[in-house]
4 protein chains.
Amino acid sequence: MAAHYRRIADYLRGSFGSRRLEDDAPLLSPRYDAVSPPHVPGGCALTDEAMSARWALPGLKQAAREVLADPCTLAERESYARTVENFIGTVKVPVGLAGPLRVNGLNASGVFYVPLATTEAALVASYSRGAQLLTDAGGCSAVVLNEGVSRAPGFAFETLAEAALFAGWAARSFDAFAAAARETTRHGELVDLRVAVEGNHVHLVFEFLTGDASGQNMATIASDAICRYIEAHTPIPWRHWFVEGNLSGDKKATMQSLMSVRGRKVSAEVVLSRELLEDRLHTTAARMLDYWRMSVIGGVMTGSIGVQGHYANGLAAMFIACGQDAACVAEAAVGVTRFEPSGDGGLYAAVTLPNLIVGTVGGGTRLPSQRACLDIMGLAGTGKARAFAEVVAAVALAGEVSITGALAAGEFTRAHQRLARGTDVEQATR
Amino acid sequence: MAAHYRRIADYLRGSFGSRRLEDDAPLLSPRYDAVSPPHVPGGCALTDEAMSARWALPGLKQAAREVLADPCTLAERESYARTVENFIGTVKVPVGLAGPLRVNGLNASGVFYVPLATTEAALVASYSRGAQLLTDAGGCSAVVLNEGVSRAPGFAFETLAEAALFAGWAARSFDAFAAAARETTRHGELVDLRVAVEGNHVHLVFEFLTGDASGQNMATIASDAICRYIEAHTPIPWRHWFVEGNLSGDKKATMQSLMSVRGRKVSAEVVLSRELLEDRLHTTAARMLDYWRMSVIGGVMTGSIGVQGHYANGLAAMFIACGQDAACVAEAAVGVTRFEPSGDGGLYAAVTLPNLIVGTVGGGTRLPSQRACLDIMGLAGTGKARAFAEVVAAVALAGEVSITGALAAGEFTRAHQRLARGTDVEQATR
Amino acid sequence: MAAHYRRIADYLRGSFGSRRLEDDAPLLSPRYDAVSPPHVPGGCALTDEAMSARWALPGLKQAAREVLADPCTLAERESYARTVENFIGTVKVPVGLAGPLRVNGLNASGVFYVPLATTEAALVASYSRGAQLLTDAGGCSAVVLNEGVSRAPGFAFETLAEAALFAGWAARSFDAFAAAARETTRHGELVDLRVAVEGNHVHLVFEFLTGDASGQNMATIASDAICRYIEAHTPIPWRHWFVEGNLSGDKKATMQSLMSVRGRKVSAEVVLSRELLEDRLHTTAARMLDYWRMSVIGGVMTGSIGVQGHYANGLAAMFIACGQDAACVAEAAVGVTRFEPSGDGGLYAAVTLPNLIVGTVGGGTRLPSQRACLDIMGLAGTGKARAFAEVVAAVALAGEVSITGALAAGEFTRAHQRLARGTDVEQATR
Amino acid sequence: MAAHYRRIADYLRGSFGSRRLEDDAPLLSPRYDAVSPPHVPGGCALTDEAMSARWALPGLKQAAREVLADPCTLAERESYARTVENFIGTVKVPVGLAGPLRVNGLNASGVFYVPLATTEAALVASYSRGAQLLTDAGGCSAVVLNEGVSRAPGFAFETLAEAALFAGWAARSFDAFAAAARETTRHGELVDLRVAVEGNHVHLVFEFLTGDASGQNMATIASDAICRYIEAHTPIPWRHWFVEGNLSGDKKATMQSLMSVRGRKVSAEVVLSRELLEDRLHTTAARMLDYWRMSVIGGVMTGSIGVQGHYANGLAAMFIACGQDAACVAEAAVGVTRFEPSGDGGLYAAVTLPNLIVGTVGGGTRLPSQRACLDIMGLAGTGKARAFAEVVAAVALAGEVSITGALAAGEFTRAHQRLARGTDVEQATR
């Protein structure tokens, strides 16, 4: 987090102008209001009364209420139960359609029009261009290669000796742990366990299959039950324990998830012919490979987790549209994009995303507009999570091919200029 | 991405049941439809005709249209220009209010009620609990410490000698580059340049101040202009170049951004007394520190970028509510959470987020409901971006304190169980 | 690798002075000598003739020969067979003794005097101080927690479908792979296999137990044999394959090795009383913890793999003294150092090193002086590798405690000044 | 550090056989000897008496003494002053010669025969093969691109406000800091300063040029002097400070060093023709590129710092031979190897090593055999450090080309088998 001293000196000077930080320091001290500011009232309640009480808080204005708590939102109000607390309305995120996107997956098979919720100009146009390109190449292959959601309780003992004893006991108790987990869930199943000893600390990394749900709550509840079992049966009492010792990778990009799986791991690939590269992307395989080599080393030099271009754009837009946990973009937007030369001037392109925390049941997928987005693709509800994961990976591949094409052809800046400033989208989507 | 062989064998068996991958492999092959699936029509157009043409695509159903293209959305339709292409409607994300949150910042000063857009139960409750705790402690301090948005063109030469010559020339040309950038923007300013030679490749990392905008487009356009200047003046011709060589950290978590700044870098801190810890979090500073030490090592063992708990939850919810680029959650949700003992059984807690890509003008902040969310906090428009960044960091701190308290007190699982299953939120927010 | 432009401009200016890079660039061009410079003659031969032929190469001087090929070296000459090619003599690295070091390990038990080969002043003194401190605290506990050496062949297929088919087949073929490995080695055993699919690439990470040898060659040869088996039996022909796809972590620090094991994984711990901290380190547990918290975040902010102080110092010195592969310092010097408060003003300290590539048979351990160093500790030969690994971890712990004590007490600079400039070592070792 | 539960269960079972960890746990407890084991006597003294007193310690045997404290070592004894404490003799590391290696560097220019000290069979043969290949290609280009050694004191304040004030003051005090540093060293110069605020902590990263010395001690002493200056002049008193807050990257691989420079940053490159690839490496550029693409992604998937093959082998061998700090292999063996297609079936290969902590004066370079190794290359003493750094990078490049050739041609295993088992080296060096 270190910045060059001239930058810091300049920044602080520029930031404060004639003010001096010395004078402003008191601004930063704690202060106590004579009258405490009011709590947000009403908890989970979705009633008119609860909402009105919240909108009566200091600073909240009627104009804002009309926009957030519009009639259409109020009409759907009950549907927001159990997805949010202290409800005051909805924010509306515009949805654009990218496609057609042909996916030849083990689970997803067919042509999809993909809803993307975003406020960033050029994003839908770029993904749509990539999707069409994949489709014109006969579609992209996609396979869910593995899945599992982890929760990782941590246990502190007095000594390393106790920690090692506990680790050995835990490693032999998998079946009992699986049984304890089974008590808490019909859909979830403990399928793996990793054990880490670090001094007098032991971390147990439980890994669950969670059916068509994204499954973090299921994993938490099942892990908690296992810990209760451990508490009752451990031969070695602990000093203290926590249901999560920050080893699960929840809500953050980690090398651990890149190296194994978190959620669903999916690979997708396509071969683009010389003609497609020239006609659609106005470039060649050689130039695309020049870019890939530079960018993969660029990614390495910045210390990214995996190497890729902009998975986050497609993932965030699909996650918001389809009722996924948008915070999981932080962990999911990692992986590997690889280009190789293919015969006759063609290009092989593959993406691998090992950390797709996605589901088609539960959570935000129950909400009306989110479910409508899943419905557009025919991917709402039971039995659809793997197919959905394959489509997500296909979208990521479309995005990588499209942005690299734009960069390779020198069209990247122009596309953003045009779309963000309101002229037409023809060039980018053609 | 390597998985244990038994897991892979089990997974592939479970995944395919009686099917055999051998039989399914043909599913993955490219295929070409007799009639190409139709393009998404209409580009940027927001007219009735354009929307109807899109909704007429195969598979899109009337029921979905009614939910996405509801009357309230249609009434606001024009406002979505230049934020999305191929528009078909809006997705509605429920917004809950967290607060009160007292921030004693250099730029943000006062009590805030923070709109969080999420579909995850317990999130708003947990952040709201943390916000109240900070407020009862006199508020949290917060300072924007640095800012800058980068774009990093890459240039390929024949030889290392040429690359070194070019690097030297570029390093001496900063003032000319700054002048070239100035032609493209009133609000942006080139303030720094870093130069990286790697074999016969040179990366120039341009860093811009972008006023109250998040600024990525501004940085792209200005960098492109600088490259045009370079093209005209370089003493060493290149073989090829790209406006981005993947060294900017755009849309991905990187060690580079953690180590310097991308967007705004903000620290926020609070001291919690023994009484507050006991009354509100039902725990002690010693236990919070036990957790912090375990979790910081846990984070290190997973290879996360920085160490923290769940910044992504608060950031994603604020970004969606307030019209920020939600894809930037992938890069922004990194940083450092640090706890220290404070006198008399108290706890010092600080967060530092070096990669807050946020703005209060342009992009999604222009949309009605997003602007309403900014308005609730009094943070819409010019002159507010630094204050907004400080509030974001304060929210992150509230979240870290709240989740650690829940984990330390053994209440984490219960809170999620209760709120996701529909009983009341009292305990968690009390 | 990006540097600030002013630094680059300054550096290039300073570096070249009145010379200009433009003028010097031709220096960098390929050039071909009229007469090719002679090869190094003699290959593996250790004879007088071979050595004389090598010393007759251009530029090698008699004075150097007398120092490298001294009589003592020549007397032992035959012992260097199969450890080096193109032999010209030996370099002499001074060895100092650190201790006494009491280790209470599962495999190493007793008091050790540890030979450290180094040319860095203060290193032996600091480790010796730490060793004595551990001994006075009753010794340190140490446990080898896991072991395994990997080799990771990579296979390229036409398509993802083929890759997935191959991965499934390989995952089901573990027993046959183990049998193929068994043909090549008496001491090695295939104990694990991880499978990674990335697009049309498959990596198989084989993990072996290698007895008392460090085992990389054993792992290579066994993996090669497995690949021959695969070649003969695979249902899916590959396009090409390599016996190592850079997934083994050989000779480099990786998150993968930190997260699992490479070589031996060892934890060691000690509790230091308030009195020991005050008397020997002139500091307190509170100050040691202040340092630990700052340094752990410091390490995180630099993107190190694990967080620790200076494992590399002790490891390099022990590896060189004891005939280990010194290049493996690059991978082995990672891990986690953790300090915790212990009752009554004491300090708990633990180190965990997951990547100790060490052995007590084979390779450099056969050489006379290297074996003598192992003998000093009673750790040469069969049955000693685990004990050796535990002593290595104990040395690392001694070093962490000693350097942190010096930093906490403000004595770090002084100790280095005194010992590197030739005054006495009393203070540092007292 | 988490291992699969079956592995842990198996390992603990295999490790203890019929023993049970429960029975063994007492082995791990602290124990106190009735008579404390003796200290290592004599400190820095190199006298006969001091050495005899050390060799009289329990467990040290006469046979070992004869090997370590051989007559040749005793004759040179005084030369080891100020490089080691508690001296008991020397360990002899065999040295092989790799070459000829033509380097066309800015600082190193000519043909070198490089001494490599190693105990690993095949290492010298492989590097020598690579060196000859580079030479036959007209030699490799090499440029020191930047240099600087850092030391990073950390300061703790009460509040973020104080930390920010201090950071601002420090950023404006560069000239005074440089003056304070100048008091302590003739050869060193403070050339840069980076400032990092994290909550109430501030890290100052000082960067020095250190002439021909590797310079860590110089940096420490100068930083200490700056801190004394700060102590006397800071407008904001601190709570505590440490001369190193673990932000310098000393003795560990870090992303920070990869991204900037630590020691010397050097790039080296070569173009290999189709004929050379076929004749010498028995492979083609296409296959070398196949390998490079797979291995670069392999490295990324393991979370290495940079991507490369086996820099550590060449670096460790050169560092030991030439009196460098061998512990610095831990930090130095990182960087980027990049291959590109070159016209007509040729291959462009480049390495970039940003963290070469090397020197040609001071430390181990003063010792007789180490200096002899430097002399062989004509690189001992003042004015040679940059040239030495360029040769190190050239050696790294030779190693990358050679190992990749062996892997691409399927000869890797065979070469290791032959050389480690004592048959001839012809094939590998031909």
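Letters go in sequence order (proteins before strands), and every chain restarts at 1. These numbers come from the heavy atoms of this one structure, side chains and all, not from hydrogens, waters or symmetry mates. As the structure is a computational prediction, the values presented were derived from the model and not from experiment.
Chain C forms more heavy-atom pairs under 4.5 Å with one residue of Gly154(D), Ala156(D), Gly96(D) than with any other, namely Gly96(D). Options Asp33(D), Asp136(D), Val307(D) differ in how many heavy-atom pairs under 4.5 Å they form with chain C, and the most are formed by Asp33(D). With chain D as the partner, the residue from Lys252(C), Arg54(C), Met377(C) showing the most heavy-atom pairs under 4.5 Å is Lys252(C). Most heavy-atom pairs under 4.5 Å with chain C: of the set Cys328(D), Ala137(D), Ala152(D), Ala142(D), this distinction falls to Ala137(D). Between chain C and the residues Val95(D), Thr118(D), Thr254(D), Thr135(D), the most heavy-atom pairs under 4.5 angstrom are made by Val95(D). Looking only at heavy-atom pairs under 4.5 Å with chain D, the residue among Val329(C), Leu60(C), Asn146(C), Asp70(C) that has the most is Asn146(C). Highest contact tally toward chain D, considering only Ala98(C), Pro38(C), Ala408(C), is held by Pro38(C) [criterion: heavy-atom pairs under 4.5 Å]. Top candidate by heavy-atom pairs under 4.5 Å with chain C, chosen from Pro100(D), Gly378(D), Pro71(D), is Pro100(D). Options Asp325(C), Leu367(C), Leu407(C) differ in how many heavy-atom pairs under 4.5 Å they form with chain D, and the most are formed by Asp325(C). Note on Leu209(D), Asp290(D), Val270(D), Val296(D): by heavy-atom pairs under 4.5 Å with chain C, the leading option is Asp290(D). Between chain D and the options Ser295(C), Gly249(C), Ser141(C), heavy-atom pairs under 4.5 Å are most frequent for Ser295(C). Note on Ala81(C), Gly89(C), Ser257(C): by heavy-atom pairs under 4.5 Å with chain D, the leading option is Gly89(C).
Considering CG of Leu97(D) and NE2 of His39(C), their distance stands at 13.0 Å, rounded to 0.5 Å. Taking CG from Leu247(D) and CD1 from Ile297(C), the interatomic distance works out to 11.0 Å, rounded to the nearest 0.5 Å. Here the straight-line distance linking atom CD of Glu120(D) with atom CD of Glu85(C) works out to 10.5 Å at 0.5 Å rounding. The CG atom of Asp224(D) lies 12.0 Å from the NE2 atom of His416(C); values are rounded to the nearest 0.5 Å. Taking CG from Leu123(D) and OG1 from Thr83(C), the interatomic distance works out to 11.0 Å, rounded to the nearest 0.5 Å. Between the CE atom in Met301(D) and the CE atom in Met255(C) there is a gap of 15.5 Å [rounded to 0.5 Å].
Within the 4.5 angstrom heavy-atom criterion, only backbone atoms of Asp250(D) (N, CA, C, O) approach chain C. At a 4.5 Å heavy-atom cutoff, the contact between Tyr291(D) and chain C is made by backbone and side-chain atoms alike. Interface remark: Arg371(C) contributes no atoms to any contact with chain D (heavy atom separation under 4.5 Å). For a residue to count as touching a neighbouring chain, one of its non-hydrogen atoms must lie under 4.5 Å from one of that chain's; by this rule Ala333(D) touches chain C with the side chain only. Proximity to chain C (any heavy atom under 4.5 Å) is shown, for Ile376(D), by both the backbone and the side chain. Both the backbone and the side chain of Gln308(D) come within contact range of chain C, each with at least one heavy atom under 4.5 Å from a heavy atom of that chain. Contact of Ala253(C) with chain D is made through backbone and side chain together, with heavy-atom distances under 4.5 Å. In this structure, chain C has no heavy atom under 4.5 Å from any part of Ser223(D). With a threshold of 4.5 angstrom between heavy atoms, Ser109(D) approaches chain C through side-chain atoms but not through N, CA, C or O. With a 4.5 Å cut-off on non-hydrogen atoms, Arg102(D) touches chain C through its side chain but not through its backbone. Phe87(D) touches chain C through backbone and side chain together, each having a heavy atom under 4.5 Å away. Residue contact with chain C, scored on non-hydrogen atoms closer than 4.5 Å, involves the backbone and the side chain of Val93(D) alike. Residue contact with chain C, scored on non-hydrogen atoms closer than 4.5 Å, is absent for Leu315(D). Both the backbone and the side chain of Ile88(D) come within contact range of chain C, with heavy atoms under 4.5 Å apart. Heavy atoms of Ala64(D) lying under 4.5 Å from chain C belong to its backbone as well as its side chain. Neither the backbone nor the side chain of Ala317(D) comes within contact range of chain C, judged by heavy atoms closer than 4.5 Å.
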- Between Met294(C) and Phe242(D), is a side-chain contact (heavy atoms from CB on, under 4.5 Å) present by the stated rule, with each step listed? CA-CA 9 Å; Met294(C) 180 182 280; Phe242(D) 307 103; 3.8 Å; yes
- Might you work through the side-chain contact (heavy atoms from CB on, under 4.5 Å) test for Cys44(D) and Leu419(C), ending with a clear yes or no? CA-CA 8 Å; Cys44(D) 295; Leu419(C) 293 169; 3.8 Å; yes
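Counting heavy atoms from C-beta on, the side chains of Cys373(D) and Leu68(C) come closer than 4.5 Å. A heavy-atom distance below 4.5 Å is not found between the side chains of Val271(C) and Pro30(D). For the pair Val111(C) and Pro58(D), the minimum side-chain heavy-atom distance is 4.5 Å or more.
Under the rule for a side chain to side chain donor-acceptor pair (under 3.5 Å), Asp375(C) has no partner lying at least two apart in sequence or in another chain.
Annotation for Val91(D) and Ser369(C): closest pair CG2-OG, 3.4 Å, computed over non-hydrogen atoms. Closest of all the heavy-atom pairs between Thr413(C) and Thr220(D) is OG1-CG2, 3.8 Å. For Val84(D) against Pro94(C), the heavy-atom pair with the smallest separation is CG1-CB, 3.9 Å. Of all the heavy atoms in Ser128(C) and Val40(D), the pair that sits closest is OG-CG2, 4.4 Å. Minimum interatomic distance between Leu27(D) and Asn104(C) (heavy atoms only, all atoms of both residues): O-CB, 3.2 Å. Residues Ile305(C) and Gly303(D) come closest through the heavy atom pair CD1-O, 3.7 Å.
Side chain of Gln370(C) to main chain of Lys92(D): a donor-acceptor pair is present (N/O by atom type, distance under 3.5 Å, no hydrogens or angles).
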